[in-house]
Amino acid sequence: MFEKSTWITLPRNVLLGHGVLADLGAALDDLYLTGRPLVVTSPTPNELAGDRVRAQLTDPETAVVDDASFSAVEEVVDVAEAVDPGYLVALGGGKPIDTAKMAAHRLGVGFVSVPTAASHDGIVSGRSSIPEGDTRHSVAADPPLAVVADTELLADAPWELTTAGCADIISNYTAVKDWRLARRLRNVEYSEYAGALSEMTAELLVASADSIKPGLEESSWLVAKALVSSGVAMSIAGSSRPASGAEHLISHQLDRIAPDKALHGHQVGVGSILTEYLHSGEDGEWRSIRDALASIDAPTTAAGLGIDDGELIRALTTAHEIRDRYTILAGGITEAAAIEVATATDVI
Ligand SMILES: NC(=O)C1=CN([C@@H]2O[C@H](COP(=O)(O)OP(=O)(O)OC[C@H]3O[C@@H](n4cnc5c(N)ncnc54)[C@H](OP(=O)(O)O)[C@@H]3O)[C@@H](O)[C@H]2O)C=CC1
Ligand SMILES: O=C(CO)COP(=O)(O)O
Ligand SMILES: [Zn+2]
């Protein structure tokens, strides 16, 4: 008997382009949302765009969070108890969006995603990435009801946020390789559609690398489209697997070992050079990944991330402990092997 089934939840409206922030009110009307809105944001995005968002909302309340953590989610839930919001509006980078996503899930309301930086592919995904102690959870939540990604706003953000978003997409190459490996060796459930979409997204972005330049709003357009597409791949898969493999484990470990030194996207990009080498060796594709990163000004070395060689090696040798996700790192690699791969790829 055929017993397979799937339930894919995707945003209803995706508004992407020049000046679309002004259409936030119309996008909300189209969703027939009721009740008070609660804006969940972080300091810089609130300063930059909070008033423009609130001006389009009826009787909004605001919660400003500093990071993506379970305690930040609790802070939002506490504010929500007084406000009884009908929906949340997530405004900012990956951290406030992840916090709002999880808080919305806890509160049983929908949320709308308004990214202020094209820095990560959680803009559309149905998962929150939340650290806790020695581990990192990819928490199931719902994707946004709508996404309003204004390329004018995204293009005004510091250039490195956009290059971080590019690197988060380029890392899809190794994430999918890890996912396929896990299917072969651990019989992990794999989605051909999600894997293909994730890889194609990285390929299209790399093919457009010449048009990704500072000061060009078109760059934000190209990157934001890729971030949406990668988030959709995660929604189809029902996990972050299409966009998060061993390179993400290395980055999550760096967040613990060397916090706040580099952006998420930049860390996963460097992680991808290393894990591609582990997958396919000296003659494999690691140079293509490194060159793609370099072509959009993303870091390709530990020094470029602002971390020292020892921190990189510690992250690489302990990344497998972060979560139970089978990757090329399997049960861990030795310090000697870590130094070998990092040296061979010029990462250290
Ligand atoms: N759920 C998912 O599927 C995914 C989740 N993620 C998660 O997202 C996070 C990374 O996202 P990222 O955006 O890099 O992190 P942040 O949200 O911390 O943003 C990075 C920095 O950019 C600032 N910022 C945001 N917008 C602007 C702007 N327009 N102009 C100037 N500064 C701005 C932020 O300010 P401030 O400090 O005030 O916030 C912050 O200092 C990680 O926690 C990662 O795990 C990443 C990919 C996918
Ligand atoms: O960053 C992500 C995809 O780009 C998701 O991260 P995790 O699932 O590893 O937390
Ligand atoms: Zn990522």
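Both ligands and their constituent atoms are indexed starting at 1 by order of listing. Quick note: residue numbers are just sequence positions, from 1.
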Within reach of ligand 2, part of [X] (heavy-atom separation under 4.0 Å):
| X | answer |
| --- | --- |
| R127 | neither |
| R241 | neither |
| H120 | neither |

Test salt bridge (charged side-chain N to carboxylate O under 4.0 Å, His left out) applied to R256 and D134, step by step: CA-CA 8 Å; R256 299 183 51 233; D134 289 348; 2.7 Å; yes
Minimum non-hydrogen distance to atom 31 (C) of ligand 1, winning option of S129, S119, P158, P43: P158
Closest to atom 21 (C) of ligand 1 among L153, D66, L161 (heavy-atom distance): L161
Closest protein heavy atom (residue, atom, distance) for [atom]:
| atom | answer |
| --- | --- |
| atom 35 (O) of ligand 1 | T44 OG1, 3.3 Å |
| atom 48 (C) of ligand 1 | D121 OD1, 3.1 Å |
| atom 26 (N) of ligand 1 | T116 OG1, 2.8 Å |
| atom 8 (O) of ligand 1 | G94 CA, 3.3 Å |
| atom 1 (N) of ligand 1 | R127 O, 2.6 Å |
| atom 10 (C) of ligand 1 | H264 CB, 3.6 Å |
| atom 19 (O) of ligand 1 | G93 CA, 4.3 Å |
| atom 42 (C) of ligand 1 | R136 NH2, 3.9 Å |

For [X], take its heavy atoms, then give the atoms of ligand 1 lying under 4.0 Å from any of them.
| X | result |
| --- | --- |
| A117 | 26 (N) |
| D98 | 1 (N), 2 (C), 5 (C), 6 (N), 7 (C) |
| S125 | 1 (N), 2 (C), 3 (O) |
| M234 | 3 (O) |

[X] atom [atom1], over 12 foreign heavy atoms within 6.0 Å:
| X | atom1 | value |
| --- | --- | --- |
| R106 | CZ | no |
| E189 | CD | no |
| E47 | CD | no |
| Y193 | OH | no |
| N187 | CG | no |

D178 and R325: CA distance, side-chain angles, deciding distance, salt bridge (charged side-chain N to carboxylate O under 4.0 Å, His left out) verdict: CA-CA 9 Å; D178 278 320; R325 171 167 292 192; over 6 Å; no
Atom name in H248, limited to N/O/S, at shortest distance from the Zn ion (ligand 3): NE2
Below 4.0 Å from any atom of ligand 1, is there a heavy atom belonging to [X]?
| X | answer |
| --- | --- |
| H248 | no |
| P96 | yes |
| A164 | no |
| K101 | yes |
| A68 | no |

Sub-4.0 Å atoms of ligand 2 with respect to non-hydrogen atoms of [X]:
| X | result |
| --- | --- |
| S129 | 6 (O), 7 (P), 10 (O) |
| H264 | 1 (O) |
| S138 | 8 (O) |
| D121 | 3 (C), 4 (O) |
| D168 | 4 (O) |

I97 contact mode with ligand 1 (heavy-atom cut-off under 4.0 Å): neither
Opening angle at the Zn ion (ligand 3) [NE2, H264; OD1, D168; to 10 degrees]: 100°
Pair S129-H252, side chain to side chain contact (heavy atoms under 4.5 Å, CB included): steps then yes or no: CA-CA 10 Å; S129 180; H252 296 334; 3.9 Å; yes
Expected output: side-chain H266 to main-chain A164 donor-acceptor under 3.5 Å: yes
Cluster check I339, L305: I/L/V/M/F/W/Y, side chain < 4.5 angstrom: yes
Nearest-0.5 Å distance that lies between atom SG in C166 and atom CD1 in I212: 4.0 Å
From CG (L222) to CG (L205), nearest 0.5 Å: 7.0 Å
Residue pair R136, S244: steps toward the side-chain hydrogen bond (donor to acceptor under 3.5 Å, both in side chains) verdict: CA-CA 12 Å; R136 177 113 186 178; S244 172; over 6 Å; no
Full working for side chain to side chain contact (heavy atoms under 4.5 Å, CB included) between M102 and F70: CA-CA 9 Å; M102 216 178 130; F70 288 102; 3.1 Å; yes
Option among I250, I307, L254, D168 that satisfies the side chain to side chain contact (heavy atoms under 4.5 Å, CB included) test with Q267: L254
Worked verdict on E276 versus R287 for salt bridge (charged side-chain N to carboxylate O under 4.0 Å, His left out): CA-CA 9 Å; E276 176 58 43; R287 285 188 189 79; over 6 Å; no
Test log, rule salt bridge (charged side-chain N to carboxylate O under 4.0 Å, His left out), inputs K101 and D98: CA-CA 5 Å; K101 202 182 279 178; D98 271 356; 3.6 Å; yes
Residue pair E335 / T317, side-chain donor-acceptor N/O under 3.5 Å: no
Contact check: D168 vs ligand 1, nitrogen or oxygen atoms, below 3.5 angstrom: no
Ligand 1 N/O within reach of H252 N/O, cut-off under 3.5 Å: no
